Protein chains: 2
Amino acid sequence: MPRISSAPVYTPKQVAILDGAVRVFLRSGYGGTSMDRVAAEAGVSKQTIYSHFQDKDGLFTAMMEHMTIRRFDGLFDAAHLPGEPADLMRQFAATFLHKLVDRDYIALLRLMIAESERFPELAKLYGRTVIQQGRTLVSTYFRAHPELGFADPEAIAHIFVGSMVSYVIAQEIFYGNELMPLSRDRLIDSLLALLLPPAQP
Amino acid sequence: MPRISSAPVYTPKQVAILDGAVRVFLRSGYGGTSMDRVAAEAGVSKQTIYSHFQDKDGLFTAMMEHMTIRRFDGLFDAAHLPGEPADLMRQFAATFLHKLVDRDYIALLRLMIAESERFPELAKLYGRTVIQQGRTLVSTYFRAHPELGFADPEAIAHIFVGSMVSYVIAQEIFYGNELMPLSRDRLIDSLLALLLPPAQP
DNA sequence: GTCTATAATCAGATAGAC
DNA sequence: GTCTATCTGATTATAGAC
């Protein structure tokens, strides 16, 4: 089965460099990361990095692609299970939110947004791998269940996925948990109440 | 009427510096901005900037606060109009989306997210001024209209506001407009269809 | 292939004249 | 208060030995 993006194959030393780069870039951002720091974190010399990756941009790009593909490859595979829409959608939402509310995931999202103008190809890769894949999966499911009565499955899919993404941004990045708490369960309950109103007898 | 945040008063020269800082920071980010560039853009010398603002961090903080307060002060004031919920909510959504889909607004949002870890007080200011204010306004409206039948008005308010915020992020920052077009009208139509299902006779 | 040492550049911050 | 000129440290990238 062909994938949207294919992951490059890396040698163990390259993986060590990438892992060090992940730790530093995700914590300090692009501008706040020095190649010396990456070298120290990866346990290699700086020249070794330059011999495997073209320059700082090349290392950053490789690391971000690596993370995006690794983290989301297969994320949506388990969602084709049978079952009642209410159960399936609740489980999908809970799994998706659980993946999103994660230190590394949030740092990756923040960095993708931060550098989306300087690295548009990275932003597009992320758009295809995460956002488009999620939205397409959900809208395909909605299309297969016309009894749900959605006139525009893609727009509904965006609302479903997008309110979870914005939840993470509001609560985790903009410190909403301190200012205006809102539990994941409350979000999921209200989402399902909107999408699956109780059937009329 | 007291406001959540009070805007500092700046002299004309300080405003000129801040305006130059806005242009450079929003375009190039924090790390990509040099004080020399800001000085050139503002038409003053670098030392003049340092005499008015403590250092690069201080200038950045002042500029971001300035933008946040200027841009959103009064944004939500006109939303207390009477009218049918369907009309009012459609107009609110259209106005809100129109404000959000704007070059400067998107650049500010991107920069806030990018620097939210290094400048947590800025992120909290943004959370209070934009996100919390929007969510509170909408949930207050929902509470005043119990006939809408929302069990958890705050969660519904998040879904309403959050799907618009994530729409901007997906379509404008992650190049969704090229990969998976979705017009504002389709989003608003589906949002209102979910929130305001046709009344049963 | 990998390391140590170094070159060249750049940016934040300041000194001192006017 | 504002400007020109400068200092200092950090950073990217490379040269050359092993």
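Here is the naming used below: chain letters follow the sequence lines, and residue numbers restart at 1 for every chain. Given the structure is predicted, the values throughout are model-derived calculations rather than measurements.
Partner of A:V101 under the side chain to side chain contact (heavy atoms under 4.5 Å, CB included) criterion, chosen from A:Q171, A:M164, A:R184: A:R184.
Residue contacts for B:D55: at a heavy-atom cut-off of 4.0 Å it reaches the sugar-phosphate backbone alone, with no base atom in range. A:T33 comes within 4.0 angstrom of the backbone, heavy atoms only, and of no base.
OP1 and OP2 of C:dA5 both lie 4.0 Å or more from every side-chain N or O belonging to A:K46. A close approach under 4.0 Å does not occur between any side-chain nitrogen or oxygen of B:S34 and OP1 or OP2 of C:dA11. Under 4.0 angstrom from either OP1 or OP2 of D:dT2 there lies at least one side-chain N or O belonging to B:H52. Put simply, A:T48 has a side-chain N or O that comes within less than 4.0 Å of OP1 or OP2 on C:dC3.
Note: CD (A:Q54) to P (D:dT12) measures 16 Å, nearest angstrom. Distance NZ (A:K13) to P (C:dG1): 10 Å, rounded to an integer number of Å. Whole-Å rounding puts the A:F53 CZ to D:dT12 P distance at 16 Å. The distance between atom CG of B:D36 and atom P of D:dC7, rounded to the nearest whole Å, is 16 Å. Distance, A:I49 CD1 to D:dT14 P: 14 Å, rounded to whole Å. The distance between atom CE of A:M35 and atom P of C:dT2, rounded to the nearest whole Å, is 15 Å.
Here D:dT12 is the nucleotide among D:dT2, C:dG12, D:dT12 with the atom lying nearest to any side-chain atom of A:K56. Of the candidates D:dC3, D:dT14, D:dT12, the closest approach to any side-chain atom of A:Q47 belongs to D:dT14. Ranking C:dA11, D:dA13, C:dT4 by closeness to the A:Y50 side chain, first place goes to D:dA13.
Here B:R135 does not pair with B:E154 in a salt bridge; the nearest charged N to carboxylate O distance is not below 4.0 Å.
Side-chain atoms of A:Q14 and A:T11 include a donor-acceptor pair closer than 3.5 Å.
Heavy atoms of other residues, nucleotides or ligands lying less than 6.0 angstrom from CZ of B:R186 number more than 12.
In this structure, the ring-ring contact (aromatic ring centres under 6.0 Å, His included) partners of B:Y30, at least two apart in sequence or on a different chain, are B:F60, B:F119.
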